[in-house]
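Structure record follows, encoded as structure tokens.
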Amino acid sequence: LVADMDGVTLWARLLDGRFPRWQDVIPATIRPEFGTGNEKVFKAPPAHAEVTAGELLAAVRQASIVVSETSRGVQFTFVDNGLMLAARSADYGESTVTAELSMAGIKATVRLDPTFVAGWLRNVDPGAIIEVFATDAESAVVLRHEDALAVVMPLAAE
């Protein structure tokens, strides 16, 4: 489908295959629950971390500088007071960057495609606080700012 209106072109393509239900991907504890009218209420989230969008975007860009086609993942490791991002490729070497968390609460390691994380962060004000929810290497990572959610699925272990 291609639509062109007032100088804006919209392209859409039908994807075929099996996709998880969004209700199953976003953990119920952080999924928005819709009240009456326009009111949106979030349930109390599990332990999570908070970081500014600008700091996280800068760290993702720095860590992904060495990412190649064969090693496209960046390891996100949440520690007591920071988020360590590490990437390695045979072609370009390795990089390690630490982003300071304004609130820590996660102890997890997960490998993500930095393109998806950076793509969502580019649309958020750099000073905005991003809540990050991660539990383990096999679970989706959820980024939240106000009522905007991003779900980033982990990459398979190498």
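Because the structure is predicted, anything quoted here is derived from the model rather than measured.
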Return the set of residues passing side-chain contact (heavy atoms from CB on, under 4.5 Å) with Val124 (not counting sequence neighbours), or none when no residue passes. Ala53, Trp120, Ala128, Ile130, His145
Is there a path of hydrophobic side-chain contacts, each under 4.5 Å between heavy atoms of I/L/V/M/F/W/Y residues, joining Val67 to Phe116? yes
To the nearest 0.5 Å, tell me how far Arg13 CZ sits from Leu1 CG. 13.0 Å
Testing the basics here: between Thr96 and Ala86, what is the closest heavy-atom pair and its distance to 0.1 Å? OG1-CB, 4.2 Å
Pairing residues for Thr98 by the side chain to side chain donor-acceptor pair (under 3.5 Å) criterion, not counting sequence neighbours: none
Rounded to the nearest 0.5 Å, how far apart are CG of Leu85 and CZ of Phe78? 8.0 Å
Any residue meeting side-chain contact (heavy atoms from CB on, under 4.5 Å) with Val2, in chain and number order, not counting sequence neighbours: Thr9, Trp11
Check whether any side-chain heavy atom of Phe76 sits under 4.5 Å from a side-chain heavy atom of Leu83, and report yes or no. yes
Tell me every residue that passes side-chain contact (heavy atoms from CB on, under 4.5 Å) with Thr109, counting only those two or more places apart in sequence or in another chain. Gln75, Thr77
Tell me, please, which residues at least two apart from Gln62 pass side-chain contact (heavy atoms from CB on, under 4.5 Å). Ala58, Val97
Hey, does Val152 have a side-chain heavy atom less than 4.5 Å from the side chain of Asp113? no
Does Val74 reach the side chain of Val60, with side-chain heavy atoms less than 4.5 Å apart? no
Within a strict 4.5 Å, meaning less than it, do heavy atoms of the Leu57 and Arg61 side chains meet? yes
To the nearest 0.5 Å, what is the distance between CD1 (Ile129) and CG (Leu101)? 10.5 Å
Exercise: identify the closest heavy-atom pair between Leu155 and Gly73: CD1-CA, 3.5 Å
Hey, could you give me the CG/CZ distance between Leu149 and Phe133, rounded to the nearest 0.5 Å? 8.0 Å
Any donor-acceptor pair under 3.5 Å linking the side chain of Ser89 with the backbone of Tyr92? yes
Go through the structure and list residues passing side chain to side chain donor-acceptor pair (under 3.5 Å) with Glu100, not counting sequence neighbours. none
